[in-house]
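One structure is given below, encoded as structure tokens.
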Amino acid sequence: MKFPSPSSADAVIAITGLRRRFGAKIALDNVSLYVPRGCVFGLVGENGAGKTTLIKHLLGLLKAEAGSVRVFGLNPVAEPVGVLSRTGYLSEYRDLPGWMRVDQLLRYTQAFYPKWDETYAEELREQFGLDPAAQVKTLSQGQQAKAGLLLALAFRPELLLLDEPSTGLDPIVRRDILEAVIRTVAEEGRTVFFSSHLLDEIERVSDQLAMIHQGKVVLCGQLDDVKSTHRRLVLRFNEPQSAPPKILRALSLTGSGREWTALCNGAREELIADVVTLGACVVSEQTPTLDEIFVARAGQKHSV
Ligand code: ATP
């Protein structure tokens, strides 16, 4: 499968042939990804697919066993300050000191970042409805997610890395705050890389996406291209088929007898020519959802 690979000069993130094992478990298998500046890039995969492991490599917390990882052209393991001083990170676990008050947490974090924007931090605190006097441990899971997001944003990093940012956020907050924040950051020319198991979220926010399954990238590209190059075709064959018909470019196939439904990848004319050659006609065709594409690519039901 050919994946887009802009030159490394354009890429804020460039990962090539990355592999990582934990004992016998292969967590990342020959992963290559390129994320251009100003892009919102969504990484989607089921639990245990390898998303957090990949993000840890971007932060320099794990060293590439094979392959290479570059962020702003730098190796994050060798040059952590060069990378982390320009990267805002929201961990899946939030990792906030529970004993601090919100105002103390802001002052404390500000000290690490010369470029901290106090006015912006205050705007975000108000927008997120965070009480400065509240102790972090008394905040709900959603409020802790917002506090973590505020800390990641307030020094206006060039790269925002968000690991499952939706966890704990209700759908309205997700749509009104998270998606707005992500889009604003990208509109300012900064880059957002976020992981999620929510395909609808990836679909609403991302410019580009990668689907990862059992440590392998099974699909990567511009969201619009991914959607326009996949089709669900309902087919009727002239004769009943005793075995699943061999349709070139079909990623998945269900049905029996004369009626079959194929989820295919390729140019429309080629797909139709394929099925006509097999003695079938197209009864209807639709654009599949990202969820259906993921299931067809990963070969199993996507867990949401
Ligand atoms: P989730 O959405 O559940 O957080 P994920 O896509 O982020 O999943 P990872 O946390 O990257 O997945 O894990 C990928 C695989 O590697 C899993 O099978 C996990 O159990 C394994 N793994 C991750 N970290 C370690 C570790 N430190 N030691 C052993 N195995 C690990």
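Computed over heavy atoms, backbone and side chain alike; hydrogens, waters and symmetry mates excluded. Every number for a ligand or one of its atoms is a count from 1 in the order of the listing.
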Ligand 1: protein N/O within less than 3.5 Å of ligand N/O:
from, atom 1, to, atom 2, distance (Å)
ligand 1, 2 (O), N47, ND2, 3.2
ligand 1, 2 (O), K51, NZ, 3.0
ligand 1, 3 (O), N47, ND2, 3.1
ligand 1, 3 (O), G48, N, 3.4
ligand 1, 4 (O), E92, OE1, 3.4
ligand 1, 4 (O), E92, OE2, 2.8
ligand 1, 6 (O), A49, N, 3.1
ligand 1, 6 (O), G50, N, 2.9
ligand 1, 6 (O), K51, N, 2.9
ligand 1, 6 (O), K51, NZ, 2.9
ligand 1, 7 (O), T52, N, 2.9
ligand 1, 7 (O), T52, OG1, 2.7
ligand 1, 8 (O), G48, N, 2.7
ligand 1, 11 (O), T52, N, 3.4
ligand 1, 11 (O), T53, N, 2.9
ligand 1, 11 (O), T53, OG1, 2.5
ligand 1, 12 (O), G50, N, 3.2

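Under the rule for a ring pair (Phe, Tyr, Trp, His ring centres under 6.0 Å), the partners of F41 that lie at least two apart in sequence or sit in another chain are F193. Every residue was checked against the salt bridge (Lys or Arg N to Asp or Glu O under 4.0 Å) condition with K146, not counting sequence neighbours, and none meets it.
The ring pair (Phe, Tyr, Trp, His ring centres under 6.0 Å) contacts involving residues 142-163 comprise Y113-F155, where partners must be two or more places apart or lie in separate chains.
Taking the charged nitrogens against the carboxylate oxygens, E259 and R236 do have a contact shorter than 4.0 Å, which makes a salt bridge. A salt bridge links D200 and R204; the closest N-O separation between the charged side-chain nitrogens and carboxylate oxygens is under 4.0 Å.
Pairing each heavy atom of V218 with each of H213, the nearest pair is CG1-CB, 3.9 Å.
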